[in-house]
S.K.: 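If you scroll down you'll find the structure; I have some questions about it.
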Amino acid sequence: MGAMNGDGTEARLLLGVQATLGEGPLWSARDRRLYFVDIRAATLYALSLDSGALDSWLLPAPVGWVVERAAGGLVVGLQDGIAELQTNPWQLRRRVNPHPDQPAMRLNDAKAGPGGQIFAGSMNDRDTRRPDGCLYRLDTDGSLHTVDRGYRICNGPAISLDQRTLYHTDTALATIYAYPLAADGTLGARREWKRFNQQEGFPDGMTVDAEGALWVAHWGAGCVSRFDADGRLLRRIALPVSQPTSITFAGPGLDRLIVTSARDGLSAAQLENEPLAGGLFELDNQGVRGLPAWQYGG
């Protein structure tokens, strides 16, 4: 099943998982599997792109993201904090909760950086009009630092090819920001990198490819875009769902372009028109490859 776009490219349904709020795709070269989450279902998935085998694990709280840990296992961002996870045998060890006295808050999206840190954002899950979200940095010594505040929906951290810029989104404000990034993980002052117009929807998850272009999922607009480092549109790919959430390159050659999506918030009538909503999709990458994901070094 797929959707043919006007430029002849295809968005192919890879897995009809029907996630309520699919997010956080991560290719693990170590495990040879694609990890992703369903935030609302508190579920972590692992898909073998070779065999199609799918494993899943129910977590004790909504889960926004997954990152590989260099020492083995994974790190996950739960509603109530960051935890280390081993799936076989099962072991979950809590590390730190950035908002222990704020039950409305949850972690939403994250990526590891070249220095082995994790950059993770938060949001008020009960009222996204409130600018309660923060951008955090989890250092390799386990210390957690608040590096920026005032976000409504933190999303899609991505790091530029030269490792000198961190891109980060406030989805509610339809704006992608850029921070100067130092080798030690310190961020400079943010600047507005690109603001989406109403027809473009809302920027969500992001990834940088091996040519330095930024790929962005457009929540509400049913497409994924590729931009150059100055924010100029290079390519736009339509999907058969209105709420793509995040994007990554996967496979041993990092040449498979994978997109997660969501059913969250869609009415029954909308779901009738979007039967593939919440699915996992593969897009025609037109020869573009991705970059290996960094691992948490702590």
S.K.: Are L21 and W57 linked, directly or through other ILVMFWY residues, by side chains that come within less than 4.5 angstrom of each other?
M.R.: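 They do share one cluster, since a chain of ILVMFWY contacts under 4.5 Å joins L21 to W57.
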S.K.: Going from CG on L59 to OG1 on T43, what distance comes out if it is rounded to the nearest 0.5 angstrom?
M.R.: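 Reported value, rounded in 0.5 Å steps: 7.0 Å.
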S.K.: Taking only residues at least two apart or on different chains, which pairs with a member in residues 96-121 satisfy salt bridge (Lys or Arg N to Asp or Glu O under 4.0 Å)?
M.R.: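 The answer is R106-D125.
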S.K.: Just verifying a value: how many Å separate L257 CG and W215 CH2, rounded to the nearest 0.5 Å?
M.R.: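 One finds 5.0 Å between CG of L257 and CH2 of W215.
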S.K.: Do side-chain atoms of Q243 reach the backbone of A262 as a donor and acceptor pair under 3.5 angstrom?
M.R.: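 Here the side-chain-to-backbone pair exists.
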S.K.: Check side-chain hydrogen bond (donor to acceptor under 3.5 Å, both in side chains) between Q163 and all other residues, then give those that pass, not counting sequence neighbours.
M.R.: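 side-chain hydrogen bond (donor to acceptor under 3.5 Å, both in side chains) list for Q163, sorted by chain: empty.
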S.K.: Going by atom types alone, do D148 and Y179 pair a side-chain donor with an acceptor below 3.5 Å?
M.R.: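 D148 vs Y179: donor-acceptor pair found between side chains.
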S.K.: Just say parallel, tilted or perpendicular for the rings of H168 and Y151, cut-offs at 30° and 60°.
M.R.: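 Rings of H168 and Y151: perpendicular, over 60°.
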S.K.: What's the separation between atom CZ in R12 and atom CZ in F281, rounded to the nearest 0.5 Å?
M.R.: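 Nearest 0.5 Å value for the CZ-CZ distance: 11.0 Å.
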S.K.: Distance-only, no hydrogens or angles: does the S56 side chain make a donor-acceptor pair with backbone N or O of L44 under 3.5 Å?
M.R.: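 It does not hold such a pair.
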S.K.: Can you name the side chain to side chain contact (heavy atoms under 4.5 Å, CB included) partners of A210, sequence neighbours left out?
M.R.: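 For A210 the side chain to side chain contact (heavy atoms under 4.5 Å, CB included) partners, ignoring immediate neighbours, are L291.
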S.K.: In this structure, are over 12 heavy atoms from other groups packed under 6.0 Å from F227 atom CZ?
M.R.: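 Counting other residues, nucleotides and ligands, CZ of F227 exceeds 12 neighbours.
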S.K.: Out of curiosity, C134 SG to L107 CG, how far, rounded to the nearest 0.5 Å?
M.R.: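 Rounded to the nearest 0.5 Å, the SG-CG separation comes to 10.5 Å.
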S.K.: Find out whether L239 and L283 are in side-chain contact, i.e. whether some heavy atom of one side chain is under 4.5 Å from a heavy atom of the other.
M.R.: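 Result yes, sub-4.5 Å side-chain heavy-atom pair found.
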S.K.: Name the residue from Q295, E68, R33 that meets the side-chain hydrogen bond (donor to acceptor under 3.5 Å, both in side chains) definition with S28.
M.R.: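 Among Q295, E68, R33, the one that satisfies the side-chain hydrogen bond (donor to acceptor under 3.5 Å, both in side chains) with S28 is E68.
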S.K.: Are any non-hydrogen side-chain atoms of L187 and L135 less than 4.5 angstrom apart?
M.R.: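 They are in contact (side-chain heavy atoms under 4.5 Å apart), so the answer is yes.
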S.K.: If we check side-chain hydrogen bond (donor to acceptor under 3.5 Å, both in side chains) with S225, which of these qualifies: E200, R235, H218?
M.R.: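 The single option meeting the side-chain hydrogen bond (donor to acceptor under 3.5 Å, both in side chains) with S225 is H218.
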S.K.: Between T146 and Y136, is there a side-chain heavy-atom distance shorter than 4.5 Å?
M.R.: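 Sidechains of T146 and Y136: in contact.
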S.K.: Is the number of heavy atoms from other residues, nucleotides or ligands under 6.0 Å of R129 CZ greater than 12?
M.R.: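 Counting neighbours around CZ of R129, 12 or fewer heavy atoms of other residues, nucleotides or ligands fall under 6.0 Å, so no.
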S.K.: Does any N or O in the side chain of D139 come within less than 3.5 Å of the main-chain N or O of G142, such that one atom is a donor and the other an acceptor?
M.R.: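 The answer is no, because no donor-acceptor pair under 3.5 Å joins these two groups.
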S.K.: Could you check whether any side-chain N or O of E282 sits under 3.5 Å from a backbone N or O of R256, counting only pairs where one atom can act as donor and the other as acceptor?
M.R.: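 No; zero donor-acceptor contacts below 3.5 Å.
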S.K.: Indicate yes or no: at least one non-hydrogen side-chain atom of T171 is less than 4.5 angstrom from one of F196.
M.R.: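 In short, these two side chains do not touch, never coming nearer than 4.5 Å.
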S.K.: Here's a test for you: under side chain to side chain contact (heavy atoms under 4.5 Å, CB included), which of I258, L26, L54, L15 qualifies with L34?
M.R.: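 The residue from I258, L26, L54, L15 that satisfies side chain to side chain contact (heavy atoms under 4.5 Å, CB included) with L34 turns out to be I258.
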S.K.: Please report the interatomic distance CZ(F119) to CG(L138), rounded to the nearest 0.5 Å.
M.R.: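 F119 atom CZ to L138 atom CG measures 10.5 Å (nearest 0.5 Å).
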S.K.: Spell out, as yes or no, whether a donor-acceptor pair under 3.5 Å connects the side chain of S261 to the backbone of G278.
M.R.: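 Checked: pair present.
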S.K.: Flag the pair P25 / T207 as yes when at least one side-chain heavy-atom distance between them is below 4.5 Å, and no otherwise.
M.R.: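 No, every pair of side-chain atoms sits at 4.5 Å or beyond.
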S.K.: I'd like to know if V37 and L58 are part of one continuous hydrophobic network [Ile/Leu/Val/Met/Phe/Trp/Tyr, side-chain heavy atoms within less than 4.5 Å].
M.R.: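 As far as the 4.5 Å side-chain criterion goes, V37 and L58 are not connected within one cluster.
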S.K.: Return each pair, listed once, that meets salt bridge (Lys or Arg N to Asp or Glu O under 4.0 Å) where at least one residue sits in residues 163-176; pairs must be two or more places apart or across chains.
M.R.: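 Passing the test, one end in residues 163-176: no pairs.
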S.K.: Measure from the side-chain N and O atoms of S246 to the backbone N and O of G205, and report whether any donor-acceptor pair falls under 3.5 Å.
M.R.: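 A pair under 3.5 Å: no.
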S.K.: Spell out, yes or no, whether V147 and L181 are grouped together once hydrophobic residues are joined by side-chain heavy atoms under 4.5 Å, including indirect joins.
M.R.: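 Yes; tracing contacts between hydrophobic side chains, which count when under 4.5 Å, links both residues.
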S.K.: Exactly one of T245, D204, T169 should register a side-chain hydrogen bond (donor to acceptor under 3.5 Å, both in side chains) with N155. Which one does?
M.R.: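 Exactly one pass, corresponding to D204.
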S.K.: With salt bridge (charged side-chain N to carboxylate O under 4.0 Å, His left out) as the test, would you mind laying out the steps for D38 and R40 before giving the verdict?
M.R.: CA-CA 6 Å; D38 184 341; R40 300 290 185 213; over 6 Å; no
S.K.: Rounded to the nearest 0.5 Å, how far apart are CZ of R93 and CG of L85?
M.R.: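 Rounded to the nearest 0.5 Å, the CZ-CG separation comes out at 12.0 Å.
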S.K.: With side chains defined as the heavy atoms from C-beta onward, is the minimum distance between W193 and T165 less than 4.5 Å?
M.R.: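 Side-chain contact under 4.5 Å: no.
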S.K.: Assess, by modelled atom type and distance only, whether the side chains of D50 and S48 contain a donor and an acceptor separated by less than 3.5 Å.
M.R.: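 Checked: D50/S48 side chains show no N/O donor-acceptor pair below 3.5 Å.
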S.K.: Output the rest of the hydrophobic cluster of M123: all Ile, Leu, Val, Met, Phe, Trp and Tyr residues reachable through side-chain heavy-atom contacts under 4.5 Å, sorted by chain and number.
M.R.: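 I153, which link up through side-chain heavy atoms under 4.5 Å apart, make up the rest of the cluster.
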S.K.: Look at the side-chain heavy atoms of Ile, Leu, Val, Met, Phe, Trp and Tyr, link any pair under 4.5 Å apart, and say whether V66 and V17 land in one connected group.
M.R.: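 No; tracing contacts between hydrophobic side chains, which count when under 4.5 Å, never links both residues.
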S.K.: Quick one: side chain to side chain contact (heavy atoms under 4.5 Å, CB included) partners of Q18, sequence neighbours excluded?
M.R.: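 Per chain and number, Q18 pairs via side chain to side chain contact (heavy atoms under 4.5 Å, CB included) with R263.
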S.K.: Is there a donor-acceptor pair closer than 3.5 Å between any side-chain N or O of N285 and the backbone N or O of D255?
M.R.: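 A pair under 3.5 Å: yes.
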